[in-house]
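Inspection log for the structure reproduced underneath, given as structure tokens.
Letters A, B, ... are given to chains in the order of the sequence lines, protein chains preceding strands, and every chain is numbered from 1.
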There are 2 protein chains.
Amino acid sequence: MKKQVSLQKRKTFRHGDLRNALVTAGLEMARAGGPNAVILREATRQAGVSPNAAYRHFAGQTELLDAVRSACLSRVAAAIEDEMKKYKAGRNPQAFARNSLRAVGMGYLGFAMREPGMFRTAFSVPPPVHSPDPANTASMGLNPFQLLSLALDRMQESGLLSKKDRKNAEYLAWSTVHGLAMLALEGPLHKMPREMVLALGERLVVMVERGLS
Amino acid sequence: MKKQVSLQKRKTFRHGDLRNALVTAGLEMARAGGPNAVILREATRQAGVSPNAAYRHFAGQTELLDAVRSACLSRVAAAIEDEMKKYKAGRNPQAFARNSLRAVGMGYLGFAMREPGMFRTAFSVPPPVHSPDPANTASMGLNPFQLLSLALDRMQESGLLSKKDRKNAEYLAWSTVHGLAMLALEGPLHKMPREMVLALGERLVVMVERGLS
DNA sequence: ACCAGAAAGTGGACACTGTCCACAAGTGGC
DNA sequence: GCCACTTGTGGACAGTGTCCACTTTCTGGT
């Protein structure tokens, strides 16, 4: 239907862009079924190539998953950016700061609700921590964590947060929205309607803002 | 080494307690490697029984995992209870309420740090929501969620929380600690030292307490 | 223009998983 | 003592990740 190009058997022996094709296929599987659903052989099948061909581009299934996770993280970052763009820096820096924080939280949560599979994949197995890996970023060149830091910086600069309270505040804020997202996606709250989750998210952001200082 | 009893080939054709043996084996696998590591065939092997024997007690691997998850949830509840027992209701109900909330948060997080595999298993795939399943509880007969509710009730009763703010507050509080735990276990913070995670946890609980009202 | 060597993909095999089927071995009620 | 029922066995199958030896194609140096 969509990328028929990869299904019709190619004429050339070389695929030309296999690595990308595999990641794309893997991304689709992650979208549909989360990290456990990204399956190496299936990816090669969709790329119209033998299973072992994948090993020319990835050391194994784990590395393929790593690449897919990276792609998922980029999507998360993009969603946050989109949300942040709704607010412009105006004459009230405190309002701007608050809106930034809200945008990060709600962008994060919104993506989790919209693309559960990708979200779960993005935060599944141990990635190499805070690597400033440019592959995880969107157009602003910041990963989700850095976008959050930015929002918190604005809080501090506008006087909403003391220097002391600012320290490590990203972890506190992040935990909050991430936790709600996970509980709603694969935890005990998975039957809660999305609107309610998002409503809780609103309260959560307020709680963070109030509780941080 | 430990439960040799299940390894030496039994004399009777019947195992006698196979279901339990399978869950126990599964629990050990979950402890060591999280939900993905609980493998049906391996459980039967450890129980000294043929793979198919498991199907007399579970419809399939998923059901075995369900049972293991239930057991993990019990452990979480037990850990929270242990933490709560440290504080007794005294002449200051507000302090008691605060301590209860702290106990829930820190008990939860502490267990996550001590038993990452079990914790991840406990909150992995969709369980049947808020079923008051007695299998998930510890000695007080309350599951982790209910223990949290109890702590929040104490907050309200002691006047620390208004009726309006009390509503759905468990979700907000829960999200917070759960999020930190997940980020620390299988998220980008997995290299953060446990002491730091727990220190963040302390701040987090304070933030919740301050932010909820 | 050649041609060696690297890069990319193929085919076959292996061990492992979950699961299905038909069958055997004990057990309990009448 | 028999017979139905539960529990466990054995053999099979498809699907997975991965290793090995092999072939096909591309590329760069002479």
(request) Sequence neighbours left out, what passes side chain to side chain donor-acceptor pair (under 3.5 Å) with A:Glu202? Give chain and number order. (result) A:Arg102
(message) Please determine whether a side-chain nitrogen or oxygen atom of B:His57 lies at a distance below 4.0 Å from atom OP1 or OP2 of D:dT6.
(response) no
(request) Whole angstrom is fine here: how far is it from CD1 in B:Ile39 over to P in D:dG15? (result) 18 Å
(request) Round to a whole Å and report the spacing from CZ of B:Phe58 to C1' of D:dG8. (result) 15 Å
(message) Pick the closest DNA chain D nucleotide for A:Arg56 and for B:Asp17 by heavy atoms, then say which residue is nearer the 5' end.
(response) B:Asp17
(request) Not counting sequence neighbours, which residues clear side chain to side chain donor-acceptor pair (under 3.5 Å) with B:Lys86? List them please. (result) B:Glu83
(request) Evaluate the criterion side chain to side chain contact (heavy atoms under 4.5 Å, CB included) for residue pair B:Phe123 and B:His178; output intermediate values, then yes/no. (result) CA-CA 9 Å; B:Phe123 299 100; B:His178 185 70; 3.5 Å; yes
(request) Identify, with sequence neighbours excluded, every residue that meets salt bridge (charged side-chain N to carboxylate O under 4.0 Å, His left out) alongside A:Asp153. (result) A:Arg166
Close N/O contacts between protein and nucleotides 19-21 of chain C (under 3.5 Å):
residue : atom : partner : partner atom : Å
C:dT19  : OP2  : B:Tyr55 : OH           : 3.1
C:dT19  : OP2  : B:Gln61 : N            : 2.8
C:dT19  : O5'  : B:Tyr55 : OH           : 3.2
C:dT19  : O4   : B:Arg41 : NH1          : 3.0
C:dC20  : N4   : B:Asn52 : OD1          : 2.4
C:dC20  : N4   : B:Asn52 : ND2          : 2.6

(message) From CG of A:Leu65 over to P of D:dT16, roughly how many Å is that when rounded to an integer?
(response) 15 Å
(request) Could you tell me the separation between the CD atom of B:Glu63 and the P atom of C:dG18, rounded to a whole number of Å? (result) 14 Å
(request) Grab the CZ-C1' distance between A:Arg19 and C:dA7 for me, whole Å please. (result) 16 Å
(request) Provide, to the nearest angstrom, the distance between the CZ atom belonging to B:Arg45 and the C1' atom belonging to D:dT9. (result) 16 Å
(message) Rounded to whole Å, please give me the gap between CD in B:Glu42 and C1' in C:dA15.
(response) 14 Å
(request) Can you sort out the partners of B:Asn36 under side chain to side chain donor-acceptor pair (under 3.5 Å), two or more places apart, ordered by chain and number? (result) A:Asn36
(message) So, using side chain to side chain donor-acceptor pair (under 3.5 Å) as the criterion, who are the partners of B:Ser149 when residues are at least two apart?
(response) B:Glu170
